[in-house]
Structures are given as structure tokens and as C-alpha cells.
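Reminder, nothing fancy here: chain letters follow the sequence lines and each chain counts from 1.
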Protein chains: 2
Amino acid sequence: MAEPRNRCLSPQEISRRLERHGVQPTAQRIAICQYVLCEAEHPTADDIKQWADKNFPKMSRATVYNTVNTLIEAGLLREFRFPHDSKTVYDDNISDHYHFLDETTGEIIDIDGKDIEIKLRNEQRFIVKNAEVLLRGKLVKKKGV
Amino acid sequence: MAEPRNRCLSPQEISRRLERHGVQPTAQRIAICQYVLCEAEHPTADDIKQWADKNFPKMSRATVYNTVNTLIEAGLLREFRFPHDSKTVYDDNISDHYHFLDETTGEIIDIDGKDIEIKLRNEQRFIVKNAEVLLRGKLVKKKGV
DNA sequence: CCATATTTTTAGATTAAATCTAATTATAGA
DNA sequence: TCTATAATTAGATTTAATCTAAAAATATGG
Ligand SMILES: [Mn+2]
Ligand SMILES: [Mn+2]
Ligand SMILES: [Zn+2]
Ligand SMILES: [Zn+2]
């Protein structure tokens, strides 16, 4: 059962991390990373833009898209498109993993790759390179504190 | 291993089937059904429009969308949106099933619901109502004729 | 530090899938 | 046949994402 990753990063740590991945650490990029790597969970481009409008002097929509695509190329971010919504979401979880959609809240929750096993029967035709899985349903409230 | 369904339907059969599902069998609807229920495999709205432009005197884009959405409401069709492409595809296979994407050709192939087993481990949090699965990889050529 | 090449950011235009609008046409039923 | 209802239509609109090309920021190296 995966524990949440440590998502706390200072601007300096973000800056170093960008440089290590060959990405110039501009003010806009550091700000966006603060949000997508530290605060947000599966944000859309629009989420990022709205956050930037509150927390950054001025940022254009193009910069949001430029930046997430740069981060994806650099291997710091992944993008996912799900069947239930037309907006791409961005994910700092770059490991192999799947997703669960809580249909009552719309929340998307990561499922570790190791925690799902997909068995394909009666099929000789396919060489499967990877799988994309979205489970849908209801999230159970944990009892106790 | 699922055999292909019989997809051959005369205009009369289509007409009766539409009526049974409470859909007025107009010329446009019958034509679109001819294509989506009999000829095509996971066509997009654009595929349907292009087919109509060749095989029907005149049909507007709005009618293509109106019709597929009517057919979906009537339970004769399903729609799917996949992560690798922004276009919705329409599917006459209305049973529970998953999909395989041949990454070399772009072809989408049905996988019977019974032929995939999804096991979720170490997770007490989710009540899973349904799953959407896209396997990606390469299609193996069958040897022999 | 300065000059200049390179990279990044930007506002606004463009694209593409899907939906909407409101006028016209077709169909159903009395 | 007459009339109400339903379906179709061309074109406008919406929305997510990309593109354009000018301006601003940054890196380089003398
Ligand atoms: Mn995540
Ligand atoms: Mn199918
Ligand atoms: Zn995720
Ligand atoms: Zn299918």
C-alpha cells in the first residue's frame, strides 16, 4: 500500500532538479513546479493557470503549456487523458501506475503498478507492451481517526 | 476466443431494430447504422461523415453527431475515448469489453470482458464498479492461411 | 561589463472536435 | 389533408490545445 511520496520541495531544490534534467530554471517554471510537483494532484492546464493567476505576477496560457510539455520531455512529469473528461491531466508520479476515479467526487487516485495484476486469457494475437487502466467506483471512508 | 459477431443487416432489419429501440428509422439513421453497425470498426464521427459523403445524397455533420448520440441513448451503440487520440470512437459492441491498440497500425481490437481478469491487491479503499482498459502493443501475424 | 546569440515568455490567432442555434424539412397521426 | 411533432441542416459557437512572431530574459565569451 503506497505511502504518499514526499512532495515538499523548496524553490532551490526545484531549481537544482530542473538543471539536473537539462531545463533552465526560470521563475515561471519554478512556480509551475511548485504547484504540479508539490501541491497539486492530477491538475489540468486550467488548474495550473488558475493557480498561477493567484500566485505569480503574470503568466500566459502558452507558458503553462510550454512548461508542462518541457517537463514531460525532461521526464519530470507525465500526462494522462481519461475517458470521462476531455482535459489532459498532469502527474508528477512518473512511475508505472494506474488510476481510480471516485465517481462521486471526480477525484483521481493513483494505484501502484504492483497493486494491479492484469491477466489476459485466450489471446495469442497480442504482444502487450503496456496497459492503461482506469477503475471507476466509490471511495470507502476509513473508519477510526 | 470471441468469434466476430454477425454484422450483416439489411435496411429493413436495421429499420425494425431502430423501431424496437424507440428510434424513428429515418433515411439518415438507417444509412449511418449500415455503416456503424455493419461495416465499420470503431469509427470516428469523421469516419462516419466521410462514409456518408460517399454513400448518401447529403448529410450534415450535426446529423452524424445527433444520430450517434441517439443510438447511444437507445442502447445500440457505445462511445469510447482513448488516451492516444482526441477523437471519440463509436462501437457497436455494447457488451462489457476492453481494447487492444496495435501501435504500428493504430487499429483498435476488442477484447472480451471474460478474457481479462483484473486483480487489485492491497487496496481496501475502493469499491470498483467498472474498469476501462487499453492494452497497447503489437499484433502478431497468425501463421498459416 | 558589454555585446550578441540563444532561449523563454507572451498576447493573440488558429485549429480541431463537438455542441448549439434557429430555420427548414420530413414524418406521424388525427 | 391539416397540423403538431420530430429530425435535419448550415453555420455559429465552445473548448482544449497549439501556433505565431514579437518582446523579454538569459547565457556566453571577449
Ligand atoms: Mn498522481
Ligand atoms: Mn468494436
Ligand atoms: Zn497518477
Ligand atoms: Zn470495442
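A close approach under 4.0 Å does occur between a side-chain nitrogen or oxygen of A:Lys58 and OP1 or OP2 of C:dA11. Residue B:Thr63 places at least one side-chain N or O under 4.0 Å from the OP1 or OP2 atom of D:dT9. Applying the 4.0 Å criterion to OP1 and OP2 of C:dT10, one finds that A:Gln28 has a side-chain N or O inside that range. Remark: A:Thr88 is in phosphate contact with D:dA17, judged by side-chain N or O atoms under 4.0 Å from OP1 or OP2.
B:Lys49 places its NZ atom 14 Å from the C1' atom of C:dA18, with the value rounded to the nearest Å.
Summary for the helix from C:dC1-D:dG30 to C:dA30-D:dT1: the axes at its two ends, each from 5 pairs, differ by 20° when rounded to the nearest 10 degrees.
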Compile the donor-acceptor pairs under 3.5 Å between side chains in residues 23-40 of chain A and protein atoms, sequence neighbours left out, one pair per line.
unit_1: A:Thr26; atom_1: OG1; unit_2: A:Arg29; atom_2: N; d: 3.2
unit_1: A:Arg29; atom_1: NH1; unit_2: A:Gln24; atom_2: O; d: 3.0
unit_1: A:Glu39; atom_1: OE1; unit_2: A:Trp51; atom_2: NE1; d: 3.3

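Non-hydrogen atoms lying under 4.0 Å from DNA chain C are contributed by A:Asn66, all within residues 65-79 of chain A.
The shortest non-hydrogen separation linking B:Ile111 to B:His97 is O-CB, 3.2 Å.
The base of D:dT18 lies close enough to the side chain of A:Arg61 for a donor and an acceptor atom to sit less than 3.5 Å apart.
DNA chain D is contacted by both B:Ala62 and A:Pro25; B:Ala62 maps to the nucleotide lying nearer its 5′ end (nearest heavy atom per residue).
Environment of CG in B:Asp53: crowded, with over 12 heavy atoms of neighbouring residues, nucleotides or ligands closer than 6.0 Å.
Between A:Tyr90 and A:Ile72, some side-chain heavy-atom pair lies under the 4.5 Å cut-off.
For B:Phe82 and B:His42, the distance between ring centers is not under 6.0 angstrom.
Salt bridge status for B:Glu103 with B:Lys138: absent, with no side-chain N to carboxylate O gap under 4.0 Å. A salt bridge does not link B:Lys87 with B:Asp85: every distance from a Lys NZ or Arg NE/NH1/NH2 to an Asp or Glu carboxylate oxygen is 4.0 Å or more.
Using cut-offs of 30° and 60° for the angle between ring planes, the B:Phe100 and A:Phe126 rings count as parallel.
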